[in-house]
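All of these numbers come straight from a predicted model, not from anything done at the bench. As a basis for the values below, the full set of heavy atoms in this structure was taken, side chains included, without hydrogen atoms, waters or symmetry mates.
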Amino acid sequence: MRFNRTLLSVALVVVALVIQVSVLARLQLPGATPDLLLLVVLGLAFVYGPVSGTVIGFGAGLLADLAPPADHAAGRYALVLCVIGYLAGMARPENGQLKSAFTPMAFVVVAALGSTLLYAGVGALVGDTAARHVGLGSLLFTAVVYDLLLAPFTVPLIMALARRTENDPVADSSAGGDVAAGWLASGTGLRIGNQRGGMRLRAARSRAARAGRIKGVKRL
């Protein structure tokens, strides 16, 4: 199950990164670029929890930092998605299933704003002032709009795929076998064992009785 989870996460992150770099970044939309990678991290973290969300976010951000045409310091976006993945994982319900669409959509807005602000803040610390020239307000507004438009088509699909690795048929069948074995051991199996033991005891007594009768006949 862990292998399936890892394989699915890597595949989704790579596909999202390729689409974002080769398609979305070339649309030349005003303001921010639609962040498909962010939505993938959110969808996986909603199902897998904070620890996996942190690891997936860091890996996805690091790939984005190294993918051409990267024009910023490596590790910058990894830090952003690492924090976003952890916070999204903290919002995960116990059963991994969200009861309404409001929570993920609200978190998409928070993640779009938070990732843009955090990315710009880390850039300001390392001397990158590109956000000032573009306009931070425009970046925040367009990031929220673009991510909200993409989220209904991506986040539910990603969460559904992630839940399939959580409900592994092999694990379910083995668990069902264990439950069945436990049920037999605690119920029917013991009764069958007792019945068999009683039958064996009665058979042994009947054989002993027959042997006694035979020995008696010989003594006569």
With rounding to the nearest 0.5 Å, note down the distance linking [atom1] in [X] to [atom2] in [Y].
{"X": "Phe153", "Y": "Ile158", "atom1": "CZ", "atom2": "CD1", "result": "13.5 Å"}
{"X": "Leu17", "Y": "Ser22", "atom1": "CG", "atom2": "OG", "result": "8.5 Å"}
{"X": "Ile56", "Y": "Leu81", "atom1": "CD1", "atom2": "CG", "result": "11.0 Å"}
{"X": "Asp147", "Y": "Thr154", "atom1": "CG", "atom2": "OG1", "result": "8.5 Å"}

Using the rule that two of Ile, Leu, Val, Met, Phe, Trp, Tyr join whenever any of their side-chain heavy atoms come within less than 4.5 Å, decide whether [X] and [Y] are in one cluster.
{"X": "Leu44", "Y": "Val83", "answer": "yes"}
{"X": "Val13", "Y": "Leu24", "answer": "yes"}
{"X": "Met90", "Y": "Val55", "answer": "no"}
{"X": "Val110", "Y": "Ile84", "answer": "no"}

Mind checking side chain to side chain contact (heavy atoms under 4.5 Å, CB included) for [X] and listing every partner two or more places apart, or none if nothing turns up?
{"X": "Phe141", "value": "Val145"}
{"X": "Pro156", "value": "none"}
{"X": "Leu140", "value": "Leu113, Thr116, Leu117, Leu136"}
{"X": "Ala16", "value": "Leu36, Leu37, Val40"}

Of the non-hydrogen atoms in [X] and [Y], which two are nearest, and what is the gap between them?
{"X": "Leu148", "Y": "Met105", "value": "CD2-O, 3.9 Å"}
{"X": "Gly53", "Y": "Val41", "value": "O-CG1, 4.4 Å"}
{"X": "Gly85", "Y": "Ala45", "value": "O-CB, 3.4 Å"}
{"X": "Pro34", "Y": "Leu150", "value": "CB-CD1, 3.6 Å"}
{"X": "Val108", "Y": "Ala151", "value": "CG2-CB, 3.9 Å"}

Is there a donor-acceptor pair closer than 3.5 Å between any side-chain N or O of [X] and the backbone N or O of [Y]?
{"X": "Arg76", "Y": "Asp65", "answer": "no"}
{"X": "Asp35", "Y": "Ala112", "answer": "no"}
{"X": "Ser115", "Y": "Val80", "answer": "no"}

Enumerate the side chain to side chain donor-acceptor pair (under 3.5 Å) contacts for residues 40-57, please, sequence neighbours excluded, ordered by first and then second residue.
Arg5-Ser52, Tyr48-Thr165

Please list, chain by chain and in numerical order, all residues satisfying ring-ring contact (aromatic ring centres under 6.0 Å, His included) with Tyr146, sequence neighbours excluded.
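Partners of Tyr146 by the ring-ring contact (aromatic ring centres under 6.0 Å, His included) criterion come out as none, since no residue qualifies.
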
Heavy atoms, side chains only, cut-off 4.5 Å: are [X] and [Y] in contact?
{"X": "Leu42", "Y": "Phe46", "answer": "yes"}
{"X": "Leu161", "Y": "Leu12", "answer": "yes"}
{"X": "Phe107", "Y": "Leu87", "answer": "yes"}

Members other than Val14 in its cluster, when Ile, Leu, Val, Met, Phe, Trp, Tyr link by side-chain heavy atoms under 4.5 Å?
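Val10, Val18, all in the cluster of Val14.
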
Given a cutoff of under 4.5 Å between side-chain heavy atoms of I, L, V, M, F, W and Y, with clusters grown through shared members, what are the other residues clustered with Val51?
none

